[in-house]
Asker: 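For reference, the structure I am asking about is given below.
Just so you know, these numbers come straight off a predicted model, no measurement behind them. Proteins get letters first, then strands, A, B, ... in listed order; numbering begins at 1 in each.
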Number of protein chains: 2
Amino acid sequence: MSSIDRKRRGYHQFCGAARALDVVGERWTLLIVRNLLIGPRRFSDLLDELPGITTNLLATRLRDLGAAELVEPAARGGYRLTEAGRALEPVLRELGRWGGRYMDRPRRGDAVNLGWGLFSLKRRYRGGVECIVGIEADGKSFEVTLGRERMDLVEREASNPALRLAGASHAFRRLFGLGTEPASIDELLEEKAITATGDLRQLRPFARSLAP
Amino acid sequence: MSSIDRKRRGYHQFCGAARALDVVGERWTLLIVRNLLIGPRRFSDLLDELPGITTNLLATRLRDLGAAELVEPAARGGYRLTEAGRALEPVLRELGRWGGRYMDRPRRGDAVNLGWGLFSLKRRYRGGVECIVGIEADGKSFEVTLGRERMDLVEREASNPALRLAGASHAFRRLFGLGTEPASIDELLEEKAITATGDLRQLRPFARSLAP
DNA sequence: CAGGATCCGCCGCGATACTG
DNA sequence: CAGTATCGCGGCGGATCCTG
């Protein structure tokens, strides 16, 4: 039946990009995935982090992502990505890289999220450092794992970080040059905008490997 | 004025991926870019290659892409990508890579396009060959340039290819394993499904560097 | 309160017809 | 060949209501 074929609107092209857009090309979908790439999320978390999305649309998207087996129920409630969902990270990385040209400063009314900013550091990371850093900003906790080649990011309290940094998220956006005037780690410590505890010898290599 | 802010529907997030989707996230847009990445196109070319798009929507998308300075008028009429538009290639590459998992075989009603298939070979190319190959299939001409690291593809008659291959597009899809049972270059030459002229010593390295 | 479902209005989209 | 004009529909945005 052609009614079945056309049931769901699709591109009907034998092309990887078109197939991908058939699955994750609808509005909001890739942004939901981006947020889940940082860590598991509850419905209400996503609702807060995605200003403008409505409850019905978020529910629909999560249901569709579940049906596509890109998202599954998380252990402690909420939603998490499956392996196939996590495989979308390179797509988000390249989208973020390309969109960087429109992103020098936040515009009026823009939602700003430190998680998105830290996520974008993955492609800036220069490598060569090996340590785990815990970041606490505005009630949120991030575990940043620097390895030989790549950086990992999870939103959770770092289990056993070599270094702990705490401050307002704006301080971290200054540290990494994420939409504000950049500042050195020394300035920020001097101003007490950021406080560091733990193995302070890791501080400078950490900052340098992620500097703007 | 808030009416100006909200004139165009957008995500209003200070995030590279969201900014990118504000510009190229609407339906059809990235597929138009994908086709233009293979070479300049006229309005009617795009209309043929994008089954299902309508004239008004294609006109709107091309106008928007022009306003965003991703597309500009081509020298001999039609449309071509600007530098910023070509910079979307990694996005299409990663989308295509991810979408590959849904693409083992064409489905009923799928549009099939040899250009899209050859484009996907860019990420398969193993490097190490240096030659220009002209491919002629079903009235279309492609110039495939193999270099030390990467492969380039333009839809045009190759100016001075070391090797010329001609055949039905289905034969090339067998050669590269693009949605059909793969076949070796020897089989295809034996069957006369593909005819090769020029420097035949390049034939086998070419096929091997792009094999499934 | 988390996690939705339901209803409605609007605009992006699809289809067709028409024009320079 | 390269679009524009028109219209109907469904996806999406906004608000409210429901259920454990």
Asker: B:R42 side chain N/O closer than 4.0 Å to the phosphate oxygens (OP1, OP2) of D:dA2?
Answerer: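 For B:R42, the contact criterion (side-chain N or O under 4.0 Å from OP1 or OP2 of D:dA2) is met.
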Asker: Please report the distance, rounded to the nearest Å, between CG in B:D64 and C1' in C:dG12.
Answerer: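 It works out to 12 Å between those atoms.
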Asker: Using whole Å, report how far CG of A:L58 lies from P of D:dG13.
Answerer: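 Whole-Å distance recorded here is 12 Å.
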Asker: How long is the line joining CD1 of B:I32 and P of D:dG3, in whole Å?
Answerer: 12 Å
Asker: Under the criterion side-chain contact (heavy atoms from CB on, under 4.5 Å), I'd like the reasoning laid out for A:W116 against A:N35: C-alpha separation, chi angles, the key distance, then a yes or no.
Answerer: CA-CA 8 Å; A:W116 305 338; A:N35 281 24; 2.8 Å; yes
Asker: Whole angstroms only, please: what is the CG-P distance between A:L31 and D:dC12?
Answerer: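 Whole-Å distance recorded here is 13 Å.
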Asker: Roughly how many Å is it from CG in B:L62 to P in D:dG3, rounded to a whole number?
Answerer: 7 Å
Asker: Examine C:dA5: is either OP1 or OP2 under 4.0 Å from a nitrogen or oxygen in the side chain of A:R63? Give yes or no.
Answerer: yes
Asker: Taking only the side-chain heavy atoms of B:S44 (C-beta and beyond), determine which of C:dG3, D:dC1, C:dG14 contains the nearest atom.
Answerer: D:dC1
Asker: Look at the side chain of B:T82 and the backbone N and O of B:E69, then say whether any donor-acceptor pair between them is shorter than 3.5 Å.
Answerer: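 Yes; judged by distance alone, with no hydrogens or angles, the pair exists.
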Asker: Could you walk me through whether B:F142 and B:L114 satisfy the side-chain contact (heavy atoms from CB on, under 4.5 Å) test, starting with their C-alpha distance in whole Å, then the side-chain angles of each, then the deciding distance to 0.1 Å, before giving a yes or no?
Answerer: CA-CA 10 Å; B:F142 298 94; B:L114 184 59; 4.1 Å; yes
Asker: Return the value, rounded to whole Å, for the distance between atom CG of A:L57 and atom P of C:dG3.
Answerer: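 Distance check: A:L57 CG to C:dG3 P gives 18 Å.
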Asker: Grab the CG-C1' distance between B:L50 and D:dG3 for me, whole Å please.
Answerer: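 Computing the B:L50:CG to D:dG3:C1' distance gives 16 Å.
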Asker: Out of C:dC13, D:dG13, D:dT4, which nucleotide sits closest to the side chain of B:R27?
Answerer: C:dC13
Asker: Take A:L121 and A:R124, measure what side-chain contact (heavy atoms from CB on, under 4.5 Å) needs, and give me the verdict at the end.
Answerer: CA-CA 5 Å; A:L121 295 180; A:R124 178 191 293 175; 3.5 Å; yes
Asker: Is there a donor-acceptor contact under 3.5 Å from the side chain of A:R97 to the main chain of A:R123?
Answerer: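 No.
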Asker: Check whether any side-chain N or O of B:W28 sits under 4.0 Å from OP1 or OP2 of C:dG12, and answer yes or no.
Answerer: no
Asker: Is a donor on one side and an acceptor on the other found under 3.5 Å between the side chain of A:W98 and the backbone of B:A84?
Answerer: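 Checking the backbone N and O of B:A84 against the side chain of A:W98, a donor-acceptor pair under 3.5 Å is found.
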Asker: Can you figure out which of C:dG3, D:dA2, D:dG3 approaches the side chain of B:Y79 most closely?
Answerer: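 When the side chain of B:Y79 is considered, D:dG3 is the closest of C:dG3, D:dA2, D:dG3.
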Asker: About how many Å separate CD of A:E94 and CZ of B:R93, when rounded to the nearest 0.5 Å?
Answerer: 6.0 Å
Asker: Which protein N or O atoms sit under 3.5 Å from an N or O of nucleotides 15-20 of chain C?
Answerer:
| residue | atom | partner | partner atom | Å |
| --- | --- | --- | --- | --- |
| C:dA15 | N6 | B:N56 | ND2 | 2.3 |

Asker: D:dC12 phosphate, OP1 or OP2: any side-chain N/O from B:R9 under 4.0 angstrom?
Answerer: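 No, no such contact exists.
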Asker: Check the distance between D:dG13's P and A:E26's CD and give it to me in whole angstrom.
Answerer: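 Roughly 11 Å, once rounded to whole Å.
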